[in-house]
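Only one structure is covered here, and it is reproduced in the block below.
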Amino acid sequence: MYENIIVERPEPKIGLIRLNRPKRLNALNRALMSELAQALNEFAQDDEIVVVVLTGDERAFAAGADIGEFQGKNPVDMLKSYRFKEWEAVRTFPKPLIAAVSGWCLGGGNELAMMCDMIVASESAVFGQPEINLGIMPGAGGTQRLPRAVGKAIAMEVILADRRLTAQEALQWGLVNHVVPTELYLEKALELARQIAQKPPLALQLAKEAILKSYEMSLAEGLEYERHNFYLLFASEDKDEGVAAFLEKRKPEWKGR
Ligand code: CO8
């Protein structure tokens with residue numbers, strides 16, 4: 001059904017999406033992004049899925065937007081093609097989303113990884129924003145999310161000087177959660193997904209939403225937002241179940257309601 005991605009359900013509650021244009025180092029062309037958006041929308045509405053892992057292959061997570069699609073385009077073409085619609089499906093995906101990154105993670109590829117909630121990297125991963133070499137600049141969030149992750153000084157160097165970060169540097173600077181040997185990066189991401197999949201889905205969703213708001217709101221507004229989500233969870237059956245299970249010293253059974 002899909003030509004540029006592979007969608008799997010490796011285990012109960014876990015969705016897995018593989019970017020699959022290996023000959024182009026998984027460059028993110030329009031067709032791939034629109035399939036990715038469709039797959040995410042399906043997982044978002046699927047009550048069986050609690051958490052999703054997004055990956056490429058060992059050689060590349062993604063080497064950026066497909067540069068071929070930029071040739072001959074003017075600003076009006078770009079504007080009218082409304083290309084960021086598909087990226088919005090990633091940004092607004094309501095469930096936890098983990099990027100499992102190996103090899104090249106460049107340009108739009110790095111921006112896609114940064115839109116995910118956590119990044120697990122193989123030791124061979126390379127992170128960068130090389131758009132400057134093409135006479136352009138990041139356009140899917142790189143100038144905003146990278147400094148928030150690694151700070152201004154490193155972000156400037158990555159975006160202006162095309163400094164590439166090794167996996168260890170990315171870990172040191174807070175861009176990624178874990179670095180593991182290359183043969184283990186997907187397994188490590190699935191292990192993290194497995195841990196999250198045991199948690200109550202509604203609380204996951206509202207907690208993720210509140211964390212993301214911390215990038216957009218003042219502290220006072222953010223605290224208020226957090227409190228509303230906190231109160232809201234007291235309306236859920238899962239809160240009654242979680243509290244009862246703790247007091248009865250048993251494992252909770254989540255319903256996602
Ligand atoms: N787009 C299209 N094709 C690509 C891309 C790409 N981003 N990256 C690699 N490829 C192709 C190569 O052209 C090559 O094709 P072919 O076999 O037909 O020659 C094939 O993939 C394999 O690549 P290489 O032979 O170059 O592999 P190397 O191991 O020698 O080099 C590199 C790997 C260093 C990653 C190199 O391929 C490279 O520099 N790629 C381009 C990286 C880049 O500049 N990325 C930024 C792109 S711009 C961007 O992402 C803007 C995002 C804006 C948001 C989205 C807007 C819609």
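All heavy atoms count here, side chains included; hydrogens, waters and symmetry mates do not. Indexing begins at 1, ligand by ligand and atom by atom, following the structure's order. It should be emphasised that the depicted structure is a prediction, and the values quoted were computed from it without experimental measurement.
Between L19 and F61, the shortest heavy-atom contact is CD1-O, 3.5 Å. K251 approaches A245 most closely through the heavy-atom pair C-CB, 4.1 Å.
Between E224 and R227 there is no salt bridge, since no side-chain nitrogen of the basic residue lies less than 4.0 Å from a carboxylate oxygen of the acidic one.
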For ligand 1, list all ligand N or O to protein N or O distances below 3.5 Å, rounded to 0.1 Å.
unit_1	atom_1	unit_2	atom_2	d
ligand 1	1 (N)	A65	O	3.4
ligand 1	1 (N)	I67	N	3.0
ligand 1	7 (N)	A63	O	3.1
ligand 1	7 (N)	A65	O	2.9
ligand 1	15 (O)	R24	NH1	2.8
ligand 1	18 (O)	R24	NH1	2.9
ligand 1	21 (O)	K23	O	3.4
ligand 1	27 (O)	R59	NH2	3.4
ligand 1	29 (O)	R59	NH2	3.3
ligand 1	45 (N)	A63	O	2.9
ligand 1	50 (O)	A65	N	2.8
ligand 1	50 (O)	G108	N	2.8

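V179 and M114 fall within a single hydrophobic cluster, where Ile, Leu, Val, Met, Phe, Trp and Tyr side chains are chained together by heavy-atom contacts under 4.5 Å.
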Quick one, D46 with K13, criterion salt bridge (charged side-chain N to carboxylate O under 4.0 Å, His left out). Give me CA distance, side-chain angles, the key distance, then yes/no. CA-CA 10 Å; D46 186 335; K13 302 185 178 182; over 6 Å; no
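The closest donor-acceptor contact from the side chain of S102 to the backbone of E58 lies under 3.5 Å.
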